[in-house]
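The residues of the chain are indexed from 1 along the displayed sequence.
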Amino acid sequence: MSRIKEVFFSLPERNYLLLCCDGASKGNPGVAGFGFIGRNDSGDCVIAMSGGLGVATNYYAEIMVVLYAGECAIQHGHFLLIFRSDSQSVIEAFRSMKVPWFGISRWKKICEKALDWRFIHSYREVNFSADTMAKRGANLQRGECISYNHRPPFLTQMENGQQIYYKF
């Protein structure tokens, strides 16, 4: 028997940047990529990126997207960050400072520069823009990144705080 659950999307509080993050791989391991969307409290997309990671696991892609998103946000002058991910294990790794060895130094640099950072667990149903970006990233070559300082033109819809979404 299926249960239907209502899920919601919310924008960040004033002066914070919401970084909706997702990783993707075609197999586990498989050809992987990442994607994120940075949105302000007005709902505007101010940064977005897709990137290729080569052959990797889903977990690696989910870790890497947080690092890329944090670094990109700081480079663009955003120091109050909210990371939104559908990976509870990745959120716990960053919250507990038990980041895998390959990301420790990058995460410490983000933490040193950020004035505040938080994590939110998100269901996929309210993280579909980042999912689209991650799938595009999985089609890129390792190390190849495409970034935007506005909403990417192929994202015809983005998550809306006024809408109810459903998880089945």
Side-chain angles (χ1 to χ4, degrees), residues 9 11-12 16-87 89-91 93-94 99-100 102-111 113-114 117-161 165:
F9 174 82
L11 292 169
Y16 276 78
L17 183 68
L18 175 64
L19 295 161
C20 299
C21 302
D22 201 11
S25 68
K26 299 175 183 180
N28 199 21
V31 177
F34 68 87
F36 68 87
I37 304 279
R39 295 178 68 183
N40 63 19
D41 60 331
S42 300
D44 300 323
C45 175
V46 295
I47 56 174
M49 181 182 285
S50 291
L53 296 170
V55 176
T57 64
N58 273 349
Y59 185 73
Y60 179 82
E62 297 279 1
I63 289 285
M64 293 306 292
V65 69
V66 171
L67 298 173
Y68 275 101
E71 290 167 345
C72 186
I74 288 170
Q75 286 173 357
H76 284 84
H78 301 280
F79 301 98
L80 300 170
L81 310 174
I82 301 172
F83 296 91
R84 184 177 201 130
S85 172
D86 61 13
S87 175
S89 60
V90 167
I91 291 171
F94 282 100
V99 179
F102 56 82
I104 292 171
S105 63
R106 290 173 72 178
W107 180 242
K108 284 183 179 179
K109 287 178 186 174
I110 292 166
C111 292
K113 293 178 181 176
W117 55 266
R118 304 174 195 163
F119 280 88
I120 298 172
H121 179 260
S122 178
Y123 292 110
R124 287 187 174 105
E125 289 77 5
V126 288
N127 208 25
F128 56 84
S129 295
D131 181 66
T132 299
M133 297 296 288
K135 287 177 180 170
R136 285 174 135 337
N139 290 322
L140 298 175
Q141 296 296 312
R142 181 178 181 208
E144 183 181 2
C145 294
I146 300 174
S147 60
Y148 304 86
N149 57 5
H150 51 76
R151 185 177 85 186
F154 53 83
L155 285 180
T156 55
Q157 285 190 341
M158 293 181 66
E159 296 82 355
N160 180 343
Y165 298 92

Worksheet item: Would you call Arg39-Glu159 a salt bridge at under 4.0 Å N-O?
Response: yes
Worksheet entry | Tyr59 side chain reached by Val90 side chain, heavy atoms, under 4.5 Å | yes
Worksheet item: Are Asn28 and Thr57 close enough that a side-chain donor and a side-chain acceptor fall under 3.5 Å?
Response: no
Discussion item. I want to check something: taking the side chain as every heavy atom from C-beta on, are Met158 and Cys45 in contact at a cut-off of under 4.5 Å?
Written reply: yes
Worksheet item: Centroid-to-centroid, Phe83 to Phe94, below 6.0 Å?
Response: no
Worksheet item: How many angstroms lie between atom CD1 of Ile74 and atom NZ of Lys109, to the nearest 0.5 angstrom?
Response: 11.5 Å
Discussion item. Taking the side chain as everything from C-beta on, heavy atoms only, tell me whether Ile47 gets closer than 4.5 Å to Phe36.
Written reply: yes
Worksheet item: Taking it one step at a time, do Asp86 and Ser122 satisfy side chain to side chain donor-acceptor pair (under 3.5 Å)?
Response: CA-CA 5 Å; Asp86 61 13; Ser122 178; over 6 Å; no
Worksheet item: Taking the six-membered ring of Phe119, is the NZ or CZ of Arg84 close enough (under 6.0 Å from the centre) and on axis enough (within 45°)?
Response: no
Discussion item. For Gln141, I'd like to know if atom CD has over 12 heavy atoms of other residues, nucleotides or ligands within 6.0 Å.
Written reply: no
Discussion item. If you compare all heavy atoms of Phe34 against all heavy atoms of Cys145, which two are closest, and at what distance to 0.1 Å?
Written reply: CZ-SG, 4.0 Å
Discussion item. Ring centroids only, cut at 6.0 angstrom: are Phe102 and Tyr60 within range, meaning strictly under it?
Written reply: yes
Discussion item. Any non-hydrogen side-chain atom of Tyr68 less than 4.5 Å from a side-chain atom of Ile63?
Written reply: no
Worksheet item: Cation-pi between Arg124 and Tyr165: NZ/CZ under 6.0 Å from ring centre and within 45° of the ring axis?
Response: no
